[in-house]
Enquirer: 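Here it is, the structure, as structure tokens.
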Amino acid sequence: MTTTTTPQTQQPAATPRVSFWRDEAKEPWRRNLALIGVLILLFIIGAVIRPELYGDPKWVFDNMMVILQQASAIGVVTVGMTFIIIGGGIDLSVGALIALAGVWCTTVATQSFGSAGMIFTAVAVGVGAGLVNGVLIAYGRLVPFIATLAMLVAARGLAARISGKQTQVSTDQFINSIASTRPFGIPMLALILVAVAALGWVLLNRTTFGRRTVAIGGNAEAARLAGINVRRHTMLLYALSGLCCGIAAIMLTSLATSSQAAAAELYELDAIAAAIIGGTLLTGGRGTIVGSMIGVVIFATITNLFAITNTPTEAQNMVKGGIIVLAVLIQQLKFKSVKQMLIRT
Amino acid sequence: MTTTTTPQTQQPAATPRVSFWRDEAKEPWRRNLALIGVLILLFIIGAVIRPELYGDPKWVFDNMMVILQQASAIGVVTVGMTFIIIGGGIDLSVGALIALAGVWCTTVATQSFGSAGMIFTAVAVGVGAGLVNGVLIAYGRLVPFIATLAMLVAARGLAARISGKQTQVSTDQFINSIASTRPFGIPMLALILVAVAALGWVLLNRTTFGRRTVAIGGNAEAARLAGINVRRHTMLLYALSGLCCGIAAIMLTSLATSSQAAAAELYELDAIAAAIIGGTLLTGGRGTIVGSMIGVVIFATITNLFAITNTPTEAQNMVKGGIIVLAVLIQQLKFKSVKQMLIRT
Amino acid sequence: TSNETPNNTQTKGADTNNPNAAAGKQVTIGFSAPAADHGWIAAITNNAKAQAATYKDVTFKQVEAGKDAAAQRAVLETLIAEKPDVIVLLPHDGKELNAFGLKAMAAGIPVVNLDRAFPDALAYRCQIKGDNYGMGVAAGHYIGKALKAKNIASPVIGEIAGMDELELTQERSQGFKAALATYGFTVSNRRAARFTADSGQAEATGLFQALNKIDAVWNHDDDQGIGVLAAMNSSNRKEFLLVGGAGSKAAIEAIAKDDSPLKATVTYSPSMASSAISLARLIGQSKGMADLVELQVPKEIILASETITKENASTYLRLGF
Amino acid sequence: MTNENVILRLTDVVKTFPGVVALGGVELEVRAGEVHCLLGQNGAGKSTLIKVLSGVHKPDSGTVQWLGEEVAFANPQAAMKAGIATIYQELDLVEDMSVAENVYLGHEPRSLGFVNRSLMARNTSGILAQLGHAEVVPTRLVRVLSSAGKQLVSMARALSHQAKLIIMDEPSAVLAHDEVENLFRIIRELTAQGIAVVYISHRLEEIREIGDRVTVLKDGRTSAVNLPARTTPTRDLVSRMTGRTIEYVFPPRGDAQPGDKLLEVKGLNRSGEFHDVSLSVHSGEIVGIAGLVGSGRSELLETIFGARRADSGTVTMNGTQLRPGSVGASVKAGLGLAPEERKSQALMLGEPVYRNMTLSTFADLASAGFTSTEKEQAAALGAAKQLDLKPLDVRRSAGTLSGGNQQKVVVGRWLLGGTKLLILDEPTRGVDVGARAELYQVIRGLTEQGVGVLLVSSEVPEVLGLADRVLVMREGRVIRHTAAGELTEEDVLDLVMAGSLETAGEEAA
Ligand SMILES: Nc1ncnc2c1ncn2[C@@H]1O[C@H](COP(=O)(O)OP(=O)(O)OP(=O)(O)O)[C@@H](O)[C@H]1O
Ligand SMILES: Nc1ncnc2c1ncn2[C@@H]1O[C@H](COP(=O)(O)OP(=O)(O)OP(=O)(O)O)[C@@H](O)[C@H]1O
Ligand SMILES: [Mg+2]
Ligand SMILES: [Mg+2]
């Protein structure tokens with residue numbers, strides 16, 4: 001690349017070679033790097049407070065696996081949530097859908113159909129409820145916030161009715177064993193999360209479905225004028241989120257060997273927060289699966305750190321609030337362009 | 001369309017007289033009418049199920065007053081929330097701020113300063129925490145969702161620490177008596193709500209503060225280029241919301257003659273939902289105080305109806321979800337222009 | 001009540017006549033209970049702490065449980081790794097944490113299961129719990145007898161329950177219903193609050209709107225009862241008989257004073273946490289309960305729900321929280 | 001008239017919006033291989049008409065015949081499938097997607113269900129090369145492109161469909177002189193292949209250069225058809241559009257000497273945007289800045305106004321230095337900016353016109369913090385009349401106005417209140433001929449009241465005709481500074497393109 005600037009005036013779109021630190025297309029990478037910095041910071045804090053634990057490499061590996069395992073269900077939900085938010089929506093019903101799918105698949109009747117029947121039920125309930133959300137939003141033209149809030153309330157009610165407000169114990173050996181299986185020393189649930197996230201990444205970045213999601217969230221009118229069926233796509237997005245809830249319900253049931261109507265409380269807030277911390281724009285059109293996953297892992301690591309350092313609950317809350325603010329601020333302070341980005345949002 | 005009417009083709013500029021049902025400036029009125037229709041529907045449902053109660057005019061009046069009283073704290077918060085959302089933001093911390101202001105003003109130390117001291121403390125805590133939100137969002141450039149979520153978590157933690165996780169009983173006679181006072185047969189708390197809402201209405205519709213709020217929510221960049229100090233105003237908006245939380249904290253303390261860290265649970269969702277049902281655009285720039293207040297009253301009426309009809313909890317949830325969807329759908333089905341509005345959002 | 005740190009706790013200090021009082025082998029007790037967001041749970045944690053502090057031979061190791069069963073499971077994993085002698089555990093949900101109990105027992109750590117029961121007997125060494133069903137029964141009998149005494153044929157009875165999604169709430173309501181049924185009475189209106197004063201106020205207000213005249217109300221929880229009393233004051237409804245639940249100090253005092261409709265409360269005492277610590281110590285030291293013939297601590301202890309009335313309030317004031 | 005090569009025929013098309021008859025009976029006939037120009041004032045219904053054509057709006061009545069068959073496109077996709085591609089007036093791109101993704105949005109090449117990204121990039125490169133911009137990288141995000149770059153992407157999208165008819169709604173509005181030449185080259189290539197083009201522009205000279213036939217719309221009805229584009233006298237065209245006979249004239253410059261120095265800019269710098277710019281504006285004077293798109297003029301204006309913070313340099317107003325980076329201080333000092341991007345930078349589309357107009361003055365019209373709707377509406381109505389806003393109803397929401405009328409609202413904002421120095425960035429973009437003349441009158445009238453004006457326009461005749469003094473910018477530097485009378489359009493074009501022409505020559509060699 002020579003120094004002449006002339007072609008720029010002639011050709012307004014010319015690309016000067018830009019460094020990694022200034023290239024706008026690399027901005028998500030830079031954010032993710034900053035988030036990984038936050039993770040390292042959390043690790044260091046842990047190591048300072050409990051050096052005897054963090055000094056043991058086996059424990060450290062083991063602890064990482066525990067973190068991944070604990071992050072798995074919420075992680076799967078966050079994959080769906082990332083799609084929803086990128087597509088310009090919001091889904092407040094995810095926690096309730098997990099609870100509903102969970103109690104539905106652990107009713108005595110369903111359990112009698114065996115593991116496959118349970119998994120099928122959970123997924124079907126999730127997708128079905130997600131479709132209801134999608135139809136209300138895309139065709140009923142409800143604001144996503146209201147439609148999914150209504151679903152939240154209704155699904156928790158239905159879950160309470162189905163479960164008779166009792167915790168339902170899963171007697172299915174296969175389902176219960178998922179959480180305790182550790183192929184190659186890695187928890188099965190963590191592997192499922194990685195698989196779902198990888199599929200999500202491909203879907204978002206390499207398929208028309210993903211590209212259309214970005215287009216609808218970025219400029220719904222442009223997408224419509226370009227011939228995209230915005231309504232149908234929006235509906236499918238909520239079904240996808242419901243699917244993720246169904247999968248997460250199985251994972252959570254396996255972890256707790258049971259389900260209840262009050263399960264997965266406030267998962268919606270955690271999932272949304274993880275996605276936003278991971279760089280997803282709440283107004284739609286921008287976001288990455290990788291960022292969201294790092295966001296989820298940060299939250300799980302914070303919880304883990306609290307357990308390890310035995311922080312009292314009320315202090316946990318205060319510290320957690322601080323860390324959330326810090327994580328976002330760090331991304332901003334380091335990289336000027338990120339800052340500009342946020343002004344505009 | 002028949003043969004052309006000359007004046008129209010000649011002067012498209014002239015305003016053809018449009019009926020109330022088609023005039024776009026009257027759209028908020030039409031929405032509010034639809035919402036009042038929903039209220040009447042709820043009343044009819046009640047009258048059908050418990051005719052003996054609804055047949056008694058004294059009881060009906062009394063019950064309306066009770067509904068207003070129960071709606072009062074959340075109503076005050078919703079006034080603040082309406083400003084925030086119109087200004088293009090969101091405040092997830094309102095419930096937590098009520099709890100924080102409530103337990104802070106009912107500590108033994110504060111109660112020793114008497115009623116005025118308690119009221120001052122609650123208001124100061126609310127405004128202070130709101131300012132923190134505002135500074136983080138306006139100057140720290142955090143996304144409102146994240147900043148106020150962090151505040152939610154942190155404020156609940158702080159409230160738990162201050163209260164020692166115990167319910168704190170208010171021994172202040174004046175504060176406790178507010179809720180039981182009924183000048184002219186109207187509950188004091190309802191009067192406070194009406195006063196706050198009226199002030200909010202004036203502030204939004206008749207002052208430069210309100211105009212700036214609408215402008216910033218409608219197009220922040222345009223507001224900035226027109227010379228409005230967008231950052232300072234944004235900060236003030238969150239302080240205003242904090243102020244409303246402080247007032248609501250006093251009201252709730254008076255109602256329950258006590259405070260605790262878990263109080264005002266999920267008020268944020270109710271306030272946001274009431275505002276949206278009342279026609280406030282979640283993306284900012286549009287909304288009315290009257291609509292929000294009707295939204296609040298609808299929610300309180302639903303709760304009241306559940307009590308009167310002895311609906312079990314789980315059925316409550318399902319029905320509530322349905323009513324929320326219905327309320328929004330009714331607004332859309334009746335009035336075509338509303339429909340178009342929502343497509344564009 | 002005795003004691004320093006968290007004030008207002010229920011403990012039993014060393015009784016010199018008790019052979020178990022003598023200091024024995026040093027015992028480390030791990031303890032976990034859900035995060036306190038209301039009085040009863042806060043009292044549980046405070047009692048456990050205070051009771052442990054009365055023993056010179058006990059090291060108390062509390063871990064915070066976080067906001068749900070999943071979070072509690074995560075901290076318990078770290079607790080096992082630290083190998084305490086005994087674990088006292090009040091789980092978020094007995095069924096959800098059953099697997100943890102099994103794991104700890106398998107690792108050779110005896111578990112004292114506090115209040116919320118593990119369904120699997122292999123998951124605990126000893127279970128000490130309140131009797132939720134019995135609590136409802138006690139409240140039902142008190143109300144039933146009182147109304148029969150007043151000769152009310154078909155009384156209007158209200159119920160303000162706690163968080164409805166918890167099994168314990170369901171059990172309490174079932175007990176209440178069953179006991180009332182023996183008098184031929186039924187609940188006219190049942191509202192579920194959230195164990196907080198503001199929700200208690202809201203639900204009580206709704207109840208008063210629904211029922212023009214009420215003969216008796218059972219409120220499951222004395223903490224939310226603060227709100228119920230506030231609602232009664234502001235809407236001027238005092239025609240009925242109110243029975244509380246759990247047994248808070250304020251409630252017991254009010255009953256003793258007898259100047260409000262609150263005539264009784266049925267206990268569900270957080271003192272069980274203190275007892276659980278005592279039992280854990282004995283298990284850790286392989287001792288039995290001195291008054292029993294058995295050489296070891298029994299497998300299961302269920303507290304009876306007692307009815308506190310004006311007559312016996314003074315004796316119970318000590319156990320109020 | 002022969003029917004054989006008529007590919008599109010509209011008969012009596014009517015389309016109404018609540019309170020407005022946007023189209024009140026339109027006829028249009030387009031032949032294969034022609035450039036068919038649509039002329040009409042702001043709000044005449046041009047954009048609405050093409051939205052009907054491209055399936056965005058459904059007509060209330062009337063017929064659309066496409067390739068001899070009556071059609072009713074249910075959605076944009078159907079129109080596209082049938083071979084009608086559209087470049088909309090408001091750029092409809094997704095900012096956070098790449099150039100290639102935007103071009104192929106909705107019809108991505110796929111293999112095995114996955115987007116074939118290399119094929120997509122290759123095809124996009126091909127189309128961009130055909131458009132004369134091979135240097136644009138298909139993987140670049142659209143967000144960072146200039147307006148002209150974005151226009152290019154819209155164009156590439158239209159070309160990526162195998163269209164028989166391409167509709168262009170004011171494509172040249174954001175283009176500079178040389179870019180317009182390039183656009184015309186492409187249009188000629190298209191028509192040579194038998195593709196028809198419907199071309200909308202407010203610049204009559206463009207219509208003369210590229211058009212074949214003209215249809216004129218007035219107040220939602222066809223007022224003239226089948227006019228030859230090259231030969232119909234301007235007077236004729238204008239009178240059919242407006243019902244009056246004004247022409248494209250600039251008001252005469254007053255004799256009055258410019259007054260005191262109002263604005264003084266010294267050594268202003270912002271890295272990567274402009275360098276060492278110094279200029280001054282006196283009261284009663286219009287200073288114009290000419291230059292190519294992307295020469296950094298918008299950034300310069302925004303920096304002077306305080307909307308961006310300068311790296312170095314000072315801005316002085318009336319002798320007092322302005323606080324850098326503070327719009328509020330600038331507005332207080334009497335500056336006003338009508339920005340370039342009306343939708344994203346200037347308008348609250350959901351709010352009524354009068355509130356948009358009083359956005360920077362409502363606080364002054366308020367008493368003790370209480371706003372006055374009456375005063376605001378009266379003030380806004382005055383400005384609206386001055387600018388010939390259509391419809392003349394300041395209570396309508398700004399979003400329902402046509403593009404050109406929205407622009408008038410933006411300019412109108414600074415006619416209210418005590419603006420002493422008005423900064424105008426492309427004030428006539430999308431404004432029709434008649435309104436343009438009125439806008440010029442208004443601007444000139446302001447200077448007679450002592451207001452100074454700093455004007456940026458990509459239309460060189462406008463800068464030369466309106467301004468008293470002219471600055472020419474290239475690559476972020478001021479390269480010429482003289483009185484307007486001393487320059488001709490050719491001089492300016494030579495100046496701004498000199499550098500690039502040289503390099504272009506070198507590259508060709
Ligand atoms: N969505 C809408 N709602 C209400 N009125 C509308 C809407 N869209 C257009 N109009 C009205 O229809 C009329 C025609 O507008 P249109 O955009 O077609 O004009 P135009 O000829 O393209 O003008 P310009 O040259 O300014 O772009 C205008 O009066 C406009 O206000
Ligand atoms: N957000 C952005 N990010 C990166 N580059 C940008 C951005 N906005 C503008 N540019 C570049 O800055 C340069 C100056 O653009 P600018 O729009 O100021 O030119 P201009 O002279 O005002 O032209 P116009 O006539 O289009 O307004 C261009 O090369 C443009 O591509
Ligand atoms: Mg147009
Ligand atoms: Mg520009």
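Quick note on labels: first sequence line is chain A, next is B, and so on, each numbered from 1.
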Enquirer: Consider only side-chain N and O atoms of Q72(C) and S32(C), and report whether a donor and an acceptor are under 3.5 Å apart.
Expert: yes

Enquirer: With respect to chain B, which residue among A204(C), A43(C), S188(C) yields the maximal number of heavy-atom pairs within a distance under 4.5 Å?
Expert: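 Result: the option with the highest number of such pairs is S188(C).
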
Enquirer: Check each atom of E52(B) against the heavy atoms of chain C and say whether the ones under 4.5 Å are side chain, backbone, both or neither.
Expert: neither

Enquirer: Apply ring pair (Phe, Tyr, Trp, His ring centres under 6.0 Å) to Y267(B) and list each qualifying residue two or more places apart in sequence or on a separate chain.
Expert: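 Partners of Y267(B) under the ring pair (Phe, Tyr, Trp, His ring centres under 6.0 Å) test: none.
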
Enquirer: Side chain, backbone, both or neither: which part of N304(B) has a heavy atom under 4.5 Å from chain C?
Expert: side chain

Enquirer: Can you tell me how far apart CD1 (I308(C)) and OG (S248(C)) are? Round to the nearest 0.5 Å.
Expert: 9.0 Å

Enquirer: What part of D164(C) lies closer than 4.5 angstrom to a heavy atom of chain B: side chain, backbone, both or neither?
Expert: side chain

Enquirer: Are the aromatic ring centres of F195(C) and W40(C) under 6.0 angstrom apart?
Expert: no

Enquirer: Pick one of side chain, backbone, both or neither for L53(B), based on which atoms fall under 4.5 Å of a heavy atom in chain C.
Expert: side chain

Enquirer: Is chain B contacted by the side chain of N212(C), its backbone, both, or neither, given a heavy-atom distance below 4.5 Å?
Expert: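 Only the side chain of N212(C) comes within 4.5 Å of chain B.
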
Enquirer: Is the shortest distance from a Lys or Arg side-chain nitrogen in E96(C) or R116(C) to a carboxylate oxygen in the other one below 4.0 Å?
Expert: no

Enquirer: D62(B) versus chain C, heavy atoms under 4.5 Å apart: side chain, backbone, both or neither?
Expert: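 Interface part for D62(B): both.
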
